[in-house]
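Per chain, numbering begins at 1; letters A, B, ... match sequence-line order.
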Amino acid sequence: MTLRIHDTRSKKKRFFTPIKDGKIGIYVCGITPYSPSHLGHARQAISFDIITRWLRKLGYDVNYITNFTDIDDKIIKVANKEGKDFLEIANRNIKDYFQVMDSLNVIRADEYSRVTETIPEIIDMISILIDKGNAYIGNDGVYFEIDTAPEKYGQLTGQTLEMVRSGAGGRVEGTGSGKRDHRDFALWKNAKENEPFWESPWGNGRPGWHIECSAMSLKHLGKEFDIHGGGRDLMFPHHEAEIFQSECCIGKENTVKYWIHNGMINVNGEKMSKSLGNFTTISETFDSVQPLALRYSLLNAPYRQPIEFNPSMLEESEKHQERLMLAYLGGTKLTNANDWSDYEFLNSASESFCNGMNDDFNTRVAIVELQSVVKKLQELLSTNSELDYISAIMGWLNEYAGNILGLIPDKDIVNSLLTKLDSKRNEVSTRVEDLLAQRQEARGQKDWDMADKIRDELNSMKVVIEDGPEGPTWKLEN
RNA sequence: GCACGGAUGGCAGAGUAGCUAUGCAAGGGAUUGCAGAUCCCUGGACCUGGGUGCAAAUCCCGGUCCGUGCUCCA
């Protein structure tokens, strides 16, 4: 089965073929770093992390570019409020972004382009648009004139000029500013007092919201590239504005081959967003859940579906992720990872997994396969037999749960986890074995009160007892 | 209002025509003194009204409800 991708522009799943053989350019709209990252950002980052991981797995040479919009009204607002430089605010939040995304096992993009480092390219692009007659200079900035390319309206959202012209639900902003038409959008905003600015042929100012992505994708990926991504909420106006700017500037249509949009995170049926104030930051979430469990829960639905966020969904993921880790650590202790091609069960799991991923990156289908493989591993571990099979499963897990889904931490972390567990275990081992022997004696005499008392004591040492057919075993709570 | 998308068991969530999704939760069983972990089994769903088909959760039309976008947003 070959890869199919749902393309927002054509509104259907299309078989994927790159523009250039073997190479893929992908640009994803990043964040405006005016506050710490919330779960919506995690969903976006993880969605495209999975997409690039899978494209690479398919053998493509992927160039993954994303950005920080590090100058913007909201950043300025926060900066003024705190009496700090706008870049200090941006950098602080970018630092937070990297920190949480690293712990979510998001592989870093090849480039994190920044608006403040792309000003010359942005100015070039605006100049071209003015020269070509697509943009005009208003009294407070430069604007793109929609009427110069009306056929490009509604490319992603299906809206027509007339619809928006006629009312937009009564929420049309007055032209007010230097705009000729309320649908025109700013390419360059003249600086007001006490605002950061850059020099330009049109006076001191800064870029409008949409132009930076057109300029940055052009700068890093060229005039045409394969995939442009971002959150669903960016379809309009942001991505449609990009289509206007890029296509008019470059003089070509369809400069992006596939448009990919990830779904939103909902809270009580409503989109999580900064403006509604119903957001949970990623680092907050880590107080109650392991980072990889959060990752798991975000992969538990296909990237385009909305995800309803609530505590029980996190609990369930935590359970699954813990089960995966316990089984994985158990296997790691016993044997090394190995090739799995001799095992029919694992081959068919791979096949279903890959079919799911090739069907527009359906991680939910992939996770079902993962669950069945983990179950198999638990089964083998509980009987402690078939080491060859276990090592084949470990190989499978490294590839699919690790490299593709990113649910297994780095080898170093796994090893340190194991040694940490071991050393802790050694620390308490003598004492535990001693108590355990006493408990066994009590149990032999059917002195259940005594036995349970000892068990309570062990529990208070964070030691969990599991009585089995071959006597009790114990482990440390993490 | 307009555009786009969605409606599946208690919950989460796959599935574009015919065959058990899956997981969590629930119930039963194995194991156990109890507990836990693990294993086995069970029940339970396709918003609504029409249509097409031998056959529809799946395709078509109408309705209802919900979400997103139309304003900053991942």
request  = In whole angstrom, give me the gap between the P atoms of B:C59 and B:G6.
outcome  = 10 Å

task = Measure from the side chain of A:Lys319, starting at C-beta and using heavy atoms only, and say which of B:A25, B:G33, B:A14 lies closest.
result = B:A25

task = Could you let me know what B:G23 is paired to, Watson-Crick or G-U wobble, both distances under 3.5 Å, or none if it's on its own?
result = B:C11

ask   = Which value, in whole Å, describes the distance between the P atoms of nucleotides B:A7 and B:C46?
value = 14 Å

remark   = A:Tyr303 atom OH is separated from B:A14 atom P, nearest whole Å, by 13 Å

key: Euclidean distance, atom CG of residue A:Asn266 to atom C1' of B:G6 [Å, nearest integer]   = 11 Å

inquiry  = Need the glycosidic conformation of B:G62: syn if within 90° of 0, anti if not. Which one?
reply    = anti

query = Does the base of B:C11 carry an N or O that pairs as donor and acceptor with the side chain of A:Ser312 under 3.5 Å?
reply = no

message = Whole angstroms only, please: what is the CG-P distance between A:Asn268 and B:A12?
response = 12 Å

ask   = Do A:Ile260 and A:Tyr303 have side chains that get closer than 4.5 Å, going by heavy atoms?
value = yes

ask   = Taking atom P in both B:A56 and B:G18, what distance in whole Å separates the two?
value = 11 Å

request  = May I ask you to check if A:Arg108 and A:Phe98 form a cation-pi contact, with NZ or CZ under 6.0 angstrom from the six-membered ring centre and within 45° of the axis?
outcome  = yes

message = Stacking between A:Phe236 and B:G69, defined as ring centres under 5.5 angstrom apart with planes under 30°, is that present or not?
response = no

task = Once you apply the 3.5 Å cut-off to both distances, tell me the Watson-Crick or G-U wobble partner of B:A37, or none.
result = none

inquiry  = For A:Lys11, is the NZ atom crowded, meaning more than 12 foreign heavy atoms sit under 6.0 Å from it?
reply    = yes

ask   = Is it true that A:Arg183 and A:Asp181 make a salt bridge, defined as a side-chain N closer than 4.0 Å to a carboxylate O?
value = yes

note = From the candidates B:A12, B:G69, B:C4, the one with an atom nearest any side-chain atom of A:Arg232 is B:C4

query = Base, sugar-phosphate, or nothing: which does A:Gly40 touch, judged by heavy atoms less than 4.0 Å apart?
reply = base

task = Using the ring of A:Tyr34 (Phe, Tyr or Trp, six-membered ring only), decide whether A:Lys77 places NZ or CZ under 6.0 Å from its centre and within 45 degrees of its axis.
result = no

task = Output yes when A:Arg439 and A:Asp467 qualify as a salt bridge under the 4.0 Å nitrogen-oxygen rule, no when they do not.
result = yes

key: Touch class at under 4.0 angstrom, heavy-atom based, for A:Met235 against every strand present   = nothing

query = What interatomic distance, in whole Å, is found between C1' of B:G53 and the corresponding atom of B:C61?
reply = 16 Å

query = How close or far is atom P of B:G6 from atom NZ of A:Lys11, stated in whole angstroms?
reply = 12 Å

Main-chain N/O of A:Thr281 paired with A:Glu284 side-chain donor or acceptor, under 3.5 Å = yes

message = Under 4.0 Å, heavy atoms only, any strand: does A:Lys74 hit a base, just the sugar-phosphate, or nothing?
response = base

request  = Could you check whether A:Leu276 gets within reach of a base, just the sugar-phosphate, or nothing at all, counting any heavy atom under 4.0 Å?
outcome  = nothing

query = Are A:Arg425 and A:Trp474 in a cation-pi setup, meaning NZ or CZ lies under 6.0 angstrom from the ring centre and within 45 degrees of the ring axis?
reply = yes

message = Taking NZ in A:Lys453 as the centre, count heavy atoms belonging to other residues, nucleotides or ligands within less than 6.0 Å. Is the count above 12?
response = no

ask   = Which nucleotides of nucleotides 34-48 of chain B have their base under 4.0 Å from a protein heavy atom (B), which only their sugar-phosphate (S), and which neither (-), written as one string 5' to 3'?
value = BBBSSSS--------

message = Please classify the nucleic acid contact of A:Val368 as base, sugar-phosphate, or nothing, using heavy-atom distances under 4.0 Å.
response = base

query = Roughly, in whole Å, what's the span from CG in A:Leu39 to P in B:A74?
reply = 13 Å

key: Pairwise C1' distance, B:A21 and B:G51 [rounded to whole Å]   = 29 Å

message = What is the separation between atom CD on A:Glu308 and atom C1' on B:A12, rounded to the nearest whole Å?
response = 10 Å

query = B:A74 phosphate, OP1 or OP2: any side-chain N/O from A:Lys274 under 4.0 angstrom?
reply = yes

message = Using the C1' atom as the point on both nucleotides, what is the distance between B:C19 and B:C24, in whole Å?
response = 26 Å

query = Considering only B:U68, B:A14, B:G33, which nucleotide approaches the side chain of A:Asn362 most closely?
reply = B:A14

key: Heavy-atom side-chain contact between A:Phe144 and A:Asp184 under 4.5 Å   = no

query = Which listed nucleotide (B:A74, B:G33, B:A3) is nearest to the side chain of A:His38?
reply = B:A74

message = Counting the atoms with a prime plus P, OP1 and OP2 as sugar-phosphate, which does A:Gln371 contact under 4.0 Å by heavy atoms, base, sugar-phosphate, or nothing?
response = sugar-phosphate

Residue A:Lys271, side-chain atoms from C-beta onward, closest of B:C72, B:G69, B:G15 = B:G69

query = Choosing from B:C24, B:A74, B:G23, which nucleotide comes nearest the side chain of A:His320?
reply = B:G23

task = Measure from CZ on A:Phe185 to C1' on B:C72 and round the result to the nearest Å.
result = 16 Å

request  = Using the C1' atom as the reference point in each nucleotide, state the distance between B:G23 and B:C60 in Å, no decimals.
outcome  = 34 Å

ask   = What is the nucleic acid contact for A:Ser275, judged by heavy atoms within less than 4.0 Å: base, sugar-phosphate only, or nothing?
value = base

remark   = Against the side chain of A:Thr32, the closest entry in B:A74, B:G13, B:G67 is B:A74

query = Mind checking the C1' distance from B:A25 to B:G44? Whole angstroms is fine.
reply = 12 Å

query = Quick one: A:His239 NE2 to B:U68 P, roughly how many Å, whole number?
reply = 19 Å

task = Check every strand shown and say whether A:Gly30 touches a base, only sugar-phosphate, or nothing at a heavy-atom separation below 4.0 Å.
result = sugar-phosphate

